[in-house]
Amino acid sequence: MAPRSLFYVLVPFLLSLTPALSTNSEGNALHALRSRLSDPTNVLQSWDPTLVNPCTWFHVTCDSNSHVIRLDLGNSNISGALGSELGELKRLQYLELYRNEIGGKIPKALGKLKNLVSMDLYENRFEGEIPKSLSKLKSLRFLRLSNNKLTGSIPRELTNLSNLKVFDVSSNNLCGTIPVDGPFSTFPMESFENNRLNGPELKGLVPYDFGC
């Protein structure tokens, strides 16, 4: 085949691979996550990094363009820590990791998930502060971080999340004052209980210094 003819054959073929290569970066991110986690009951057994994309893996949901939009690993008996690779799941809408033994800090890179609607990290062992970067998640409606070991104050930047409908940080080690701006004026006090937080209905109910 002449070089010019070969060029016209190869270029369309290589261009056709571009979506697959792009999607495979999401598979790489999930495989990196798997390497961080202990999985005694093999719920991640189907996560095969040799596949073109992760859309056939259990607990992973993709859209019609083979982009990961949902990660369902709630109550899966996994432990370990999360890493910045989760920030590569640009189309992710639902991050469900509740009721596990995942520890370490909540990665700042989660602030890159601009399409995220729900983040459920409750009943784990997360520690450290709530990342201010979560304030970039303008589509976020549900943020549940209860029953962890989080410390520090509630970032004021989160008051800019105008779509936030549910916010629960109860049963952590948070301190400081509960924000009252934006959607925080609508959240019930149960969302903040069992912390060292100062709020209009919590003040005086717990024997701690409310400062941070």
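Values reported hereafter were calculated over all heavy atoms of this structure, with side chains retained and with hydrogens, waters and symmetry mates removed.
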Would you confirm whether Asn77, through its side chain, and Thr41, through its main-chain N or O, come within 3.5 Å as a donor-acceptor pair?
no
Please identify each residue that fulfils side-chain hydrogen bond (donor to acceptor under 3.5 Å, both in side chains) with Asp72, with sequence neighbours left out.
Arg70
Note, Leu150 side chain near Val169 side chain (heavy atom, < 4.5 Å)
no
Test your reading of the model: is there a side-chain donor-acceptor pair from Glu26 to the backbone of Val68, 3.5 Å cut-off?
yes
Let me have the donor-acceptor pairs involving side chains of residues 157-165, under 3.5 Å, with sequence neighbours excluded, atom names and distances please.
unit_1 : atom_1 : unit_2 : atom_2 : d
Thr159 : OG1    : Arg156 : O      : 2.7
Asn160 : ND2    : Glu157 : O      : 3.4
Asn163 : ND2    : Lys138 : O      : 2.8

Does the pair Leu71 and Leu33 meet the rule for a side chain to side chain contact (heavy atoms under 4.5 Å, CB included), with working shown?
CA-CA 12 Å; Leu71 184 58; Leu33 172 64; 4.1 Å; yes
Exercise: identify the closest heavy-atom pair between Met119 and Leu116
CE-CD2, 3.5 Å
Given side chains that start at C-beta, do those of Leu73 and Leu44 come closer than 4.5 Å, heavy atoms only?
yes
Hey, mind stepping through Leu134 and Leu140 against side chain to side chain contact (heavy atoms under 4.5 Å, CB included) and telling me if it holds?
CA-CA 9 Å; Leu134 299 186; Leu140 196 64; 5.6 Å; no
Rounded to the nearest 0.5 Å, how far does CG of Leu82 lie from CG of Leu37?
7.0 Å
Measure from the side-chain N and O atoms of Trp47 to the backbone N and O of Gly27, and report whether any donor-acceptor pair falls under 3.5 Å.
no
Hey, is the main chain of Ser46 close enough, under 3.5 Å, to the side chain of Asp48 for a donor-acceptor pair?
no
Does NZ belonging to Lys90 count more than 12 external heavy atoms closer than 6.0 Å?
yes
Taking Glu193's backbone N and O only, do any of them form a donor-acceptor pair with Asn195's side chain (distance below 3.5 Å, no angle check)?
yes
In chain order, what residues pass the ring pair (Phe, Tyr, Trp, His ring centres under 6.0 Å) check against Phe187, with sequence neighbours excluded?
Phe167, Phe184
Can you measure from OG (Ser191) to CG (Leu143) and round to the nearest 0.5 angstrom?
10.5 Å
Listed by chain and number, what are the salt bridge (charged side-chain N to carboxylate O under 4.0 Å, His left out) partners of Glu96, not counting sequence neighbours?
none
Would you please name every residue forming a side-chain hydrogen bond (donor to acceptor under 3.5 Å, both in side chains) with Ser171, sequence neighbours left out?
Asn194
For Glu127 and Lys149, what are the C-alpha separation, side-chain angles and deciding distance, and is it a salt bridge (Lys or Arg N to Asp or Glu O under 4.0 Å)?
CA-CA 5 Å; Glu127 57 189 26; Lys149 300 180 178 181; over 6 Å; no
Within a strict 4.5 Å, meaning less than it, do heavy atoms of the Lys136 and Lys114 side chains meet?
yes
State which residues pass salt bridge (charged side-chain N to carboxylate O under 4.0 Å, His left out) with Arg91; sequence neighbours excluded, sorted by chain then number.
none
Would you find a donor on one side and an acceptor on the other, under 3.5 Å apart, between the side chain of Asn65 and the backbone of His67?
no
Output yes when a side-chain donor or acceptor of Asn100 lies under 3.5 Å from a complementary backbone atom of Asn124, and no otherwise.
no
Return the set of residues passing side-chain hydrogen bond (donor to acceptor under 3.5 Å, both in side chains) with Asp168 (not counting sequence neighbours), or none when no residue passes.
Ser170
Nearest heavy-atom pair of Leu174 and Thr151: which atoms, and what distance?
CD2-O, 3.5 Å
List, one per line, each side-chain donor-acceptor pair under 3.5 Å for residues 101-113, sequence neighbours excluded.
unit_1 : atom_1 : unit_2 : atom_2 : d
Glu101 : OE1    : Arg125 : NE     : 2.4
Glu101 : OE1    : Arg125 : NH2    : 3.1

Taking only residues two or more places apart in sequence, or in another chain, which ones meet Arg36 in a salt bridge (charged side-chain N to carboxylate O under 4.0 Å, His left out)?
Glu85
With sequence neighbours excluded, give me every ring-ring contact (aromatic ring centres under 6.0 Å, His included) pair touching residues 107-130.
Tyr98-Tyr122
Return the set of residues passing side-chain contact (heavy atoms from CB on, under 4.5 Å) with Pro49 (not counting sequence neighbours), or none when no residue passes.
His31
With sequence neighbours left out, the residues meeting salt bridge (charged side-chain N to carboxylate O under 4.0 Å, His left out) with Asp120 are Arg144
